[in-house]
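Shown next, in structure tokens, is the structure this report addresses.
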Amino acid sequence: MSLKYREFSQLNLPSVDQEILSKWQEEQAFEKSVELRDGATPFVFYEGPPSANGMPGIHHVISRTLKDLVCRYKTMQGFQVKRKGGWDTHGLPVELGVEKELGITKEDIGKKISVEAYNQKCREAVLRFKDKWDDITQKMGYWVDLNNPYITFENNYIESLWWLLKQMYKKGLLYESVSIQPYSPAAGTGLSSHELNQPGTYKDVKDTSATVMFRAAQDEKSKFLHDAVHGAEVFFMAWTTTPWTLPSNLGLTVGPNIEYALVQTFNPYTHLPINVVLAKDLISKYLKAEGENGDFDGYNGEQKLIPWKTVATFKGSQLEGLHYEQLLPYEANSIEEVKRITPDADPFRIIVGDFVTTEDGTGIVHTAPAFGADDYKVGKKFNIGIITMVDREGKFVDGLGEFSNRYVKNYKDDPEYADVNVDICVKLKKENRAFKVEKYEHSYPHCWRTDKPILYYPLDAWFIKTTALKDRMVELNKTINWKPKSTGEGRFGNWLENMVDWNLSRSRYWGTPLPVWRTEDGEEEICIGSVEELLQEAEKAKQALGGDVNASISKEKLDLHKPFVDSIVLVSASGKPMKRVADLIDVWFDSGAMPYAQWHFPFENVQTFAQNYPADFIAEGVDQTRGWFYTLHAIGSLVKESVQEELKKHGVEVNDQKYPGLAYKTVVSNGLVLDKNGNKMSKRLGNVVDPFQTIQTYGADATRWYLITNASPWDNLKFDIEGIKEVQRKFFGTLYNTYQFFVLYANVDGFTFKEEYIPVDQRPEIDRWILSSLNTLIKQVTEAMDDYEPTQAGRLIETFTDEHLSNWYVRLCRRRFWKGEYEHDKICAYQTLYECLVTVAKLMAPVSPFFSDLLYRNLNQVTQLNNETSVHHTLYPVADVAKMDAGLEERMQLAQDASSLVLSLRKKVNIKVRQPLQKVLIPVLNPAMKEQLQKVEDLIRNEVNVKEIEYLTPDNTFIKKKIKPNFQVLGKKLGGKMKAVATALGNFSQEQIAELEKEGVYNLLVDNENLPLYLTDVDIMSEDVPGWMVASNSNITVALDVTVTPELLNEGNARELVNRIQKIRKDSNFELTDRITVKISGHPELTPAITQFKSYICAEILADNLEEDPALQDGVDVEVNDHLIKVQVSKKGG
RNA sequence: AGAUCCGUAGCUCAGUUGGUUAGAGCGCUACACUGAUAAUGUAGAGGUCCCCAGUUCAAAUCUGGGCGGGUCUACCA
């Protein structure tokens, strides 16, 4: 323990980081911060697992700062906050990285490289940058337990996932179905949504689009159409940008509430008379308005203008159920084939769907269920069947006549390729089945690997029936505290409302295998929920099937990944072998299941799980809204009952109140980090900020503080290094200076807080003021932090430190620290400033853990007021209401305003502050204001160097006043007459104002109406004091006497001289306490000042002797108010 | 295309329930101050509060409609 506070030569934040980090390491500070709270109420935090196969970026620093500051804050509030780290290790990014590294594609897996070797590569790759992550975690000061992290590829973790999946399976929530997915025929593989989101995936392409005509069948249902045109043919018009899907057409979808028209006209290509149905609003897209009711008889195909007329109109719903003739009938898509594939189907029918719009096309949508998600959905609903006339290579199947085996797009880079879409259109034109064919430009997704257009293709997939739990998820979401609120209600709420079943399966290699085994005919299957069950079933199969089935399976060598699990064969109830279905599951299931799997629930740690569910707080980037935030929420809802049962089995008391299946109570979603120009950071643009470099250069604290205080975390942050520099200078620099100031004098005076704590009411006004402000600050910061608004909290601390503590309290109190004896007033000052510094250190500790700890340690190691060695082990300050005094803060504001105004007046007439002036006049509007001002009078006088303050009371006629309506009060009362009254008040004379003030009421005549005005209806301000220099703001007006009398001038000269000699002292590197003797060459203009203020001067400069010596030769040349003199300063005894 | 957030000084951001001189910091310019000195003070320049319409006595603020930017989801004829 040292009795001296540590002094610094300069502020170096990066070296502060180093020093504090090693302290933390030495003291095991993080571990201790958790242990210290043993037995305290837990605050549960979930760490969203990062994927360590890429380098951490600056955006990771912001979300981790957010997590860290909340956890630190809660710890300081007395909660125990355990923070188990985790690593997300599965999934596509890992695989793609490995493929790139090995120079292979997905197709090569199993051929050029075995699945086993491939997965081994993935396993190695996944933690490749773990060191870097650990490094940034430490350097940024993120406290998280990385010694016992959960890792998603571990068997225990996967086993928990299997258990969860089995619970869903048992409830019928896990099912297999066909879904329409993006598929790349060129690459022969389905694409994940992630792959579709690669940059450059969507390209503008020109495709052949066609508006084609489906002939209505003639039957009872369509009678009303045919009757309208006297039995002639009727066609339904539909538009497509993918003519190749037409052979797979099975339905036409109309909007139930859209108005359709039956129009009589001619086919532009064949010139034959036709009757077509399309949305009424879209007629104009196909037929010119001038042609309406045109000359039908005279039309022969030569005319540009095609005549048309509307024969009938009706709602889409009236068309439902009508049949039409197939457009392109062949063997492969014959009705018999359709019925063979989908036996109960009723195709070639008009169906209704809400997704139909009249924005483009004809309002009638060609529906090929195989090639569009909407088509598939609506097709399924109305049971029109499904046929897939394109194979997985992207070419038409056999049995489609001249189109058989032709590629629907040029997937093979064939220079001879002829666009089959064009040929289809030509054929339709010839057959009087095309109304319009044109090139159409639109953006279309392409396979990022082959650059070829993808198509939407029906593929088998496993789903979780999240829609079954939709109501629960919507309800639970309402109980979540979302920051910001709009993300929860809007983005997430809408997402829940429009939820579809979770497409769980992925046909990849490195991930959690789907634990479903089934027989070859697909009749029997089993879902495995634990390793034990798997081993039992494997053993059963070994017995039943014999041979070398499962011969090499043992618990010790088990790896729950491909290809090992795939080698396990199970046996069905009827004795047939069952193989695992090939799919893996979505990695988002991995992370969403972390509340359970991190504890290997329910196989171990059931109690631990119970204590750590749900999370009190989670935080990630807003991009996780439909990622992790969703999967956590969904899984929580899905397995609620199963988990409840499991907990009950272990004697944990649960019910729906205690365990509603809610995964997290508060979630903060932070925005993106953009570059300073607002562009997304990308390697391509080269605008990526390296967090290591940033932290190393500016320190973790400045970086963290900047990230948190610059903008609310959920707003996008335009990251600008200049901002960090500003934070460093302005906030940390100021705080450091304040600390330096404190220790400079505390070390001289030996202040160690050994004296009794002086009751606040025995301290001077300014001490009580800063302590009041400090406690107000504590209150506000605590409120902001409790509300998860760290930006507000940080800004408040900043304002306090800079404006109140440094630029007012310290500035005004400087003399108290260096002047006088070590007595009551001085001790008050030290105790007050010390309290402020320690409290600020604690308040800021969650956001900037390094500097705050340094500050705290340096202060506390001398005073030993706290037992805790680290600020992070202390308790967060609690506002002391007794120390808060609103009136005091208000009058200090008045003092600041008044001082600032006087200083601005001095500036105007160019009289420096060192020159004393005689008097300031302050008009006061009421006794209360006068009383307030009188209490801070000394402060103002000192600050602006004025001898006296005189108050002008309202009743004097000296001041000129201004009157203004109090709009808020008067507006409500007057309404429409407000304007007239405002004008009238603007023209008020001084006498009228005086009358109102005197009588308390004034009868104003507006539009021949008497309106009584009361004092509360108006604001009266002093505007001017004739003959004086005046300045005013909205609160206060000051008038300054700028006459410099000879006495004042002498005093000013004396002060100037003091200032010069102080500078010499400093330049000569004298100690603050050194006594000196001074000789001055003298000057007639200055002699009176020296004589008159000798004792004052001597006291100020610690001189024992001061004399004028006109003959002085050696000395420093100085200038005092334009007079040149020589000054010789010598240290006594030196 | 839908959802959502955002648009205030050159830059980064405040702006409470609508209330009349729209603020701060940075930057720039000038002048001061200096026993905290990589600090500080004062002043100046700098605004169509994105646009239009509406509600209101009164709109940066509320409503509607645009425009621009970000993000997410989707891409369906």
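In what follows, chains are A, B, ... by sequence order, proteins preceding strands, each numbered from 1. Keep in mind that this is a model prediction, so the values were computed, not measured.
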Any donor-acceptor N/O pair under 3.5 Å between B:rA24 base and A:T799 side chain: no
In this structure, is the centre-to-centre distance between the rings of A:F371 and A:W244 below 6.0 Å? yes
Using only side-chain N and O atoms of A:Y456, determine if any of them is under 4.0 Å from OP1 or OP2 of B:rC76. yes
Can you tell me the base-pairing partner of B:rU16? Count Watson-Crick or G-U wobble geometry only, both distances below 3.5 Å, and say none if there is no partner. none
Check every strand shown and say whether A:N710 touches a base, only sugar-phosphate, or nothing at a heavy-atom separation below 4.0 Å. sugar-phosphate
Would you mind telling me which of A:V944, A:I940, A:V1038, A:L1040 makes a side-chain contact (heavy atoms from CB on, under 4.5 Å) with A:L901? A:V1038
Decide, yes or no, whether a salt bridge links A:R811 with A:E943 under the criterion of side-chain N to carboxylate O below 4.0 Å. yes
Between N or O atoms, less than 3.5 Å apart, protein on one side and nucleotides 4-10 of chain B on the other: list the pairs.
none

For B:rC72, the nucleotide meeting Watson-Crick or G-U wobble distances (both under 3.5 Å) is B:rG2
For A:Y736, check ring-ring contact (aromatic ring centres under 6.0 Å, His included) against everything at least two apart and list the hits. none
When rounded to whole Å, the CZ to P distance for the pair A:F371 and B:rC75 reads 15 Å
Taking the side chain of A:N1059 as heavy atoms from C-beta outward, which of B:rA14, B:rG35, B:rU17 is closest to it? B:rG35
Which residues in residues 725-733 of chain A have a heavy atom closer than 4.0 Å to any atom of RNA chain B? A:E726, A:R729, A:K730
Using Watson-Crick geometry (N1-N3 plus N6-O4 or O6-N4) or G-U wobble (N1-O2, O6-N3), each under 3.5 Å, B:rC28 is paired with B:rG44
When the ring planes of A:W705 and A:F731 are compared, do they come out parallel, tilted or perpendicular, using 30° and 60° as the limits? parallel
